[in-house]
Amino acid sequence: MPHESSEAGMQLHWHRRDLRADDNRALAAAAEDGPVCPVFVFDDAVLDHASPPRVAFMLDALLSLRTWYWERGGDLLLARGDPREVLPAIADALDAERVVWNKDYSGLARERDAAVRRALDDADVERASYHDAIIHEPGSITTNEGDHYSVYTYFWKKWRDRAKDDPFPAPDADALASPEPDDLPDVTLPSLPTLDDLGFEEPEASIPEAGPEPARDRLADFCEGDIYRYEERRDYPADECTSRLSADLKWGTIGVREVYDATDDAKAFADGEAEIESVEEFQSQLAWREFYAHVLNFNPEVVSENFKDYEHEIEWRSDPEALQAWKDGETGYPIVDAGMRQLREEGYVHNRVRMLVAAFLTKDLLVDWREGYDWFREKLVDHDTANDNGGWQWAASTGTDAQPYFRIFNPMTQGERYDPDAEYVKRYVPELRDADPEQIHDWPELADAERERIAPDYPAPIVDHAERRELAIETFEAARGDD
DNA sequence: TTGATATTAGT
DNA sequence: CTAATATCA
């Protein structure tokens, strides 16, 4: 053994998708053992899969995190390169005995982490990884037979009833190691790189403020009010009665135990059964996130393959023009177009609308869900492999939670039901601002002359929903092989 | 203990 | 229809 003990030796905490110091399991564990120096590595292999909105949010979060450490006499080391080389090099230069990090459950990250473990072993540096990103670790929630769940509801019941960890404490200032600048190896960066330094354009979308403080503000805001109306209003996109924590949970600018704790506190203040149920409905959304993390952990191939087996290949259509119209928010289905424009403008889409635009692409246009998933990955600030893949495959009827009736959304009915006053549509589709809500909901079925009169600049529908519905049913019946 | 069958529910 | 569980022979 190169080191007799890790009790007093310096340690590195490798930040990845946990851009916070509070409620951070690996960081807390390291700080208990001795001084710890935090480090973030700009990994080109990861940046290759990234996009401007996500990197912009990440850089803002890193600045907040670095400030947090500065204010306590520490520093967040920044480095660029392959973590297999960077981490052993920093450990060597600073004489660190151990590197710790929190586990990431996506397939690519797991491969990278295994390679980093081998590199550290070769360099005789100790390492440890911790379960942190979700409340209940993959493998900890199984059926009575010990299998992994593929239906959400049963998973939720077990998830809900299981005891949960409290948030972990942030390290004390005296547990933070601040290395001498002269000791730092060449791979470290003196300052935070810009988007341009990393080879990215400025994002088209406006990016929300990132970091632990704005994340906590969002959580506190939500728990003071909207969480009690969540069950009733969460599906109305104009209300935006949601937590808006998706990007924070993706980047770990807030810990999920802290989020759960805050919702449990809110539950204690609930006024009546309906408010309690509303809080539980939100907690159930946290469980969805964990359900999909488990699914991805045990089925890493779902990033590119259907979760559900069909007898024959699904005959997706190659329709570049329709795909482009969908991306541009020019399909002539108002609520679909509003959602796709929100995606471009904000790097975010309300969840109900995500399901709706995904159903439109995969069922009305019969375009492969992978095309939609790729576009979301490019544009969403909160893109998370597990959640987005789970959502897309659910909408495409290739995922978990198979249902007896075939899942096709009617975009007109959905608009009427969830955006009755067309407030959401008008917010993102200015061409329709002077139209009546009724005209907006019925837009695809109006006469051409009528459409020309109401909003000459807004497109006619690119497909006929009723026709495409039949076509989708035929396509999926053929794939099932039971026609 | 096992296997067949009923029950429940599906963002 | 299917998954998971409960029930019963």
Side-chain angles (χ1 to χ4, degrees), chain A residues 136 139-162 227 229-237 239-243 245-246 249 263 274 277-295 298-299 302 306-312 314 335 339 349-360 362-363 369 372 376 382 384 386-411 413-415 417-419 472-483:
Chain A
H136 296 301
S140 67
I141 293 182
T142 60
T143 68
N144 295 344
E145 304 282 297
D147 296 330
H148 305 303
Y149 282 104
S150 60
V151 170
Y152 172 71
T153 311
Y154 307 105
F155 175 91
W156 156 241
K157 289 185 170 122
K158 282 210 174 132
W159 187 93
R160 179 192 58 194
D161 296 338
R162 189 140 308 179
I227 197 169
R229 307 190 301 124
Y230 183 75
E231 186 171 40
E232 199 191 337
R233 300 305 298 172
R234 71 192 180 94
D235 276 327
Y236 295 83
D239 280 25
E240 199 48 81
C241 189
T242 66
S243 71
L245 287 169
S246 53
L249 285 167
T263 66
E277 280 174 19
S278 184
V279 172
E280 286 174 352
E281 182 59 45
F282 179 74
Q283 291 176 334
S284 157
Q285 301 303 313
L286 293 176
W288 266 106
R289 171 175 177 270
E290 311 220 342
F291 175 64
Y292 281 139
H294 288 210
V295 169
F298 294 110
N299 308 275
V302 295
N306 294 343
F307 175 86
K308 183 180 151 78
D309 283 327
Y310 278 87
E311 191 69 28
H312 309 290
I314 299 165
I335 199 156
V349 188
H350 184 278
N351 186 247
R352 162 67 38 189
V353 184
R354 290 189 199 203
M355 295 194 282
L356 222 141
V357 300
F360 188 82
T362 56
K363 304 296 168 59
W369 61 264
F376 270 31
D382 64 27
D384 173 277
N387 289 321
D388 283 355
N389 186 269
W392 271 100
Q393 294 226 39
W394 179 85
S397 301
T398 62
T400 54
D401 268 52
Q403 284 198 246
Y405 48 89
F406 189 57
R407 193 176 284 123
I408 296 181
F409 285 25
N410 182 320
T413 316
Q414 290 280 315
R417 190 177 301 155
Y418 297 113
D419 191 31
I473 290 169
E474 282 169 28
T475 302
F476 277 78
E477 274 177 354
R480 280 195 349 194
D482 61 2
D483 44 323

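Owing to the predicted nature of the structure, the values given are computational and were not obtained by experimental measurement. The chains referred to below are lettered A, B, ... by the order of the sequence lines, with proteins before strands, and numbering in each begins at 1.
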Results of side chain to side chain contact (heavy atoms under 4.5 Å, CB included) for A:F409 - residues two or more places apart only: A:R352, A:M355, A:L356, A:A359, A:W394, A:R407, A:Q414

First encountered from the 5' end of DNA chain B, between A:Y154 and A:V151: A:Y154

Passing candidate, ring-ring contact (aromatic ring centres under 6.0 Å, His included) with A:H136, options A:W159, A:F155, A:Y149: A:W159

Distance, rounded to the nearest Å, where A:Y310 contributes OH and C:dT2 contributes P: 12 Å

Distance, rounded to the nearest Å, where A:R480 contributes CZ and C:dT2 contributes C1': 11 Å

Whole-Å distance separating the CG atom of A:D309 from the P atom of C:dA3: 11 Å

Among C:dA6, B:dG10, C:dA4, the nucleotide that comes nearest once only the side chain of A:T153 is considered: B:dG10

Under the side chain to side chain contact (heavy atoms under 4.5 Å, CB included) test, residues paired with A:A395 that sit two or more places apart: A:A358

Spacing between A:I141 atom CD1 and C:dA4 atom P, to the nearest angstrom: 14 Å

Distance, rounded to the nearest Å, where A:Y152 contributes OH and B:dA9 contributes C1': 14 Å

Distance, rounded to the nearest Å, where A:K157 contributes NZ and B:dT8 contributes P: 12 Å

Verdict with reasoning, A:K363 to A:S397, per side-chain hydrogen bond (donor to acceptor under 3.5 Å, both in side chains): CA-CA 9 Å; A:K363 304 296 168 59; A:S397 301; 2.9 Å; yes

Residues which pass side chain to side chain contact (heavy atoms under 4.5 Å, CB included) with A:E240, listed by chain and number, not counting sequence neighbours: A:T242, A:R244, A:Q342, A:Y348, A:H350

Sugar-phosphate, base or nothing in reach of A:K308, heavy atoms under 4.0 Å: nothing

Atom-to-atom span, NE2 of A:H148 to P of C:dT2 - whole angstrom: 22 Å

A:S150 side chain near C:dA4 phosphate (N/O to OP1/OP2, under 4.0 Å): yes

Sugar-phosphate only, base, or nothing, as touched by A:R234 at under 4.0 Å among non-hydrogen atoms: base

Residues that A:R162 engages under salt bridge (Lys or Arg N to Asp or Glu O under 4.0 Å), provided they are two or more places apart: none

Touch class at under 4.0 angstrom, heavy-atom based, for A:E145 against every strand present: nothing

Pairing residues for A:E232 by the salt bridge (Lys or Arg N to Asp or Glu O under 4.0 Å) criterion, not counting sequence neighbours: none

Nearest-Å distance for atom pair CG/P, residues A:N144 and C:dT7: 12 Å

Touch class at under 4.0 angstrom, heavy-atom based, for A:D147 against every strand present: nothing

Any residue of residues 287-295 of chain A with a heavy atom less than 4.0 Å from an atom of DNA chain B: A:W288

